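Everything on this sheet refers to the single structure shown next.
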Amino acid sequence: MNPVRDYKAMESVMKKKNSNGMNVIYMDNNATTKVADEVRDAMMPFLTELYGNPSSMHTFGGQVEKHIRKSRESLAALLGCDSSEIIFTSGGTESDNAAIKGVLAALPEKRKIITTRVEHPAVLALCRELQDTGYTLVELGVDGRGQIDLDELAGEVDEDTAIVSIMYANNETGVIFPIDKIAEIVKSKGAVFHTDAVQAVGKIPLSLDKSNIDLLSLSGHKLHSPKGIGALYIKKGTRISPFIVGGHQEKNRRAGTENVPGIVALGKAGELAAKEIGLENTKVKKLRDKLEAALLKTCTGATLNGDKINRLPNTTNISFEFIEGEAILLLLNQFGICASSGSACTSGSLEPSHVMRAMGVPFTAAHGSIRFSLSRYNTEEEVDFVAGKMPQIVNRLRELSPFVK
Ligand code: PLP
């Protein structure tokens with residue numbers, strides 16, 4: 001493989017250059033997404049001339065309020081709920097913290113929390129910290145496909161359970177949990193149900209009015225709006241205390257001067273997602289399936305991680321046995337290809353991800369797991385390009401691997 005020559009060859013395929021002039025094939029959309037042009041245009045006036053504070057008495061500030069209302073309505077339309085059930089936050093992490101800590105504060109007599117071993121740290125690290133302060137924590141395990149056992153869940157929810165927090169879709173594998181069934185089980189036992197839907201919103205249709213979900217977190221930067229804006233859905237009647245205390249914004253449910261450009265952006269992104277959601281299951285899924293089929297066929301030692309059927313349409317997580325995910329990413333990076341690995345480099349030691357470990361993926365495969373997460377902005381040419389490069393990368397790394405005979 002000659003990276004320099006290959007990079008040049010790639011230029012004819014690639015259309016996207018970032019501001020540094022670097023070519024990019026972006027397949028890391030579960031990490032963050034490109035801000036849609038329509039979203040950027042919608043938020044621009046609120047970064048320039050419309051800078052008033054929506055709480056101000058004067059018309060200049062007050063005129064901003066109606067744009068916040070419109071954003072709340074478009075997000076509610078995407079989620080199938082009432083606009084009064086949405087509060088804006090700074091992102092997924094805050095929404096998760098606000099939901100869990102807010103319910104615990106409102107129900108001080110209940111001391112048990114239930115979650116899963118495959119949650120994002122925004123939930124898992126928080127729950128473990130709460131356990132250190134005296135709460136009982138149950139972390140449900142998953143099977144080899146990344147699914148929980150619903151009977152085990154039903155057996156764990158009891159009178160002492162304040163909240164059950166289970167993600168809608170996993171960020172590493174894309175595995176979708178049967179959330180409506182889960183919510184039904186939890187509600188039938190009288191506990192509050194929260195779902196971290198950061199990876200699901202905008203990728204699969206949701207209708208909260210028909211579900212037993214009490215609280216749902218989402219994050220703008222996963223659906224083509226900027227970072228630092230998110231929302232928490234709170235079903236009417238849910239007992240929850242405010243997480244951030246101060247001014248009277250968001251009807252006393254989340255203090256702090258509103259991030260108006262972010263809110264407007266998220267509203268626009270929600271509107272676009274509602275319009276484009278059909279593409280996720282047609283265009284995006286087709287591209288993902290094409291890439292996945294090619295990699296599984298042409299790359300030595302490749303296996304799929306997670307539930308092949310119940311999965312986000314944009315995500316594929318593949319292990320390449322006996323090689324390091326980080327090494328694959330570095331070589332992909334030489335071609336401007338952005339993806340993610342299932343291991344995190346912590347203080348020099350490579351730990352396979354907690355999701356791969358929970359699923360029981362063998363050590364030698366967990367270390368070589370790569371996530372490709374696509375969006376409606378990817379093209380078939382990009383998929384073909386990545387599919388063409390991966391076998392060379394895998395073969396080269398396997399030649400260097402001490403584990404391959
Ligand atoms: N939850 C999940 C499932 C995520 O994937 C992420 C981000 O990757 C978060 C929560 C955190 O969201 P944010 O980056 O908006 O704080």
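In each ligand, atom 1 is the first atom listed, and ligand 1 is the first ligand listed. Note that these values count all heavy atoms, side chains included, but never hydrogens, waters or copies made by symmetry. Quick caveat: nothing in here was measured; it's all calculated off a predicted structure.
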Which of the numbered atoms in ligand 1 are below 4.0 angstrom from a heavy atom of His221? 13 (P), 14 (O), 15 (O)
Side chain proximity check, Phe177 to Met167, heavy atoms < 4.5 angstrom: yes
Check each heavy atom of Asn171 against ligand 1 and say whether those closer than 4.0 Å belong to the side chain, the backbone, both or neither. side chain
Gly246 and Ala255 have their tightest heavy-atom pair at N-CB, 3.2 Å
What I want to check is whether the side chains of Ser217 and Asp196 have a donor and an acceptor closer together than 3.5 Å. no
What protein heavy atom sits nearest atom 5 (O) of ligand 1, and how far off is it? Gln199 NE2, 2.8 Å
Residue, atom and distance of the protein heavy atom nearest atom 1 (N) of ligand 1 read Asp196 OD2, 2.6 Å
Could you check whether any heavy atom of Lys222 sits closer than 4.0 Å to an atom of ligand 1, since that is the contact criterion I want to use? yes
Numbering the atoms of ligand 1 from 1, which are under 4.0 Å from a heavy atom of Ser219? 13 (P), 15 (O)
Atom indices of ligand 1, in the order listed, that fall short of 4.0 Å to a heavy atom of Gly91: 15 (O)
Indicate yes or no for a side-chain donor-acceptor contact from Lys222 to the backbone of Asn30 under 3.5 Å, with no hydrogens or angles considered. yes
Is it the case that Lys34 places NZ or CZ above or below the six-membered ring of Tyr377, under 6.0 angstrom from the centre and within 45 degrees of the axis? yes
Could you tell me whether Gly92 and ligand 1 have an N or O pair separated by under 3.5 Å? yes
Shortest protein heavy-atom distance from atom 4 (C) of ligand 1, along with the residue and atom involved: His120 CD2, 3.2 Å
Give the atom numbers and elements of ligand 1 that come within less than 4.0 Å of a heavy atom of Thr93. 11 (C), 12 (O), 13 (P), 16 (O)
Note: Glu73-Lys70 ion pair, threshold 4.0 Å (strictly below): no
Count the heavy atoms belonging to other residues, nucleotides or ligands that lie under 6.0 Å from CD of Glu49, then report whether that count exceeds 12. yes
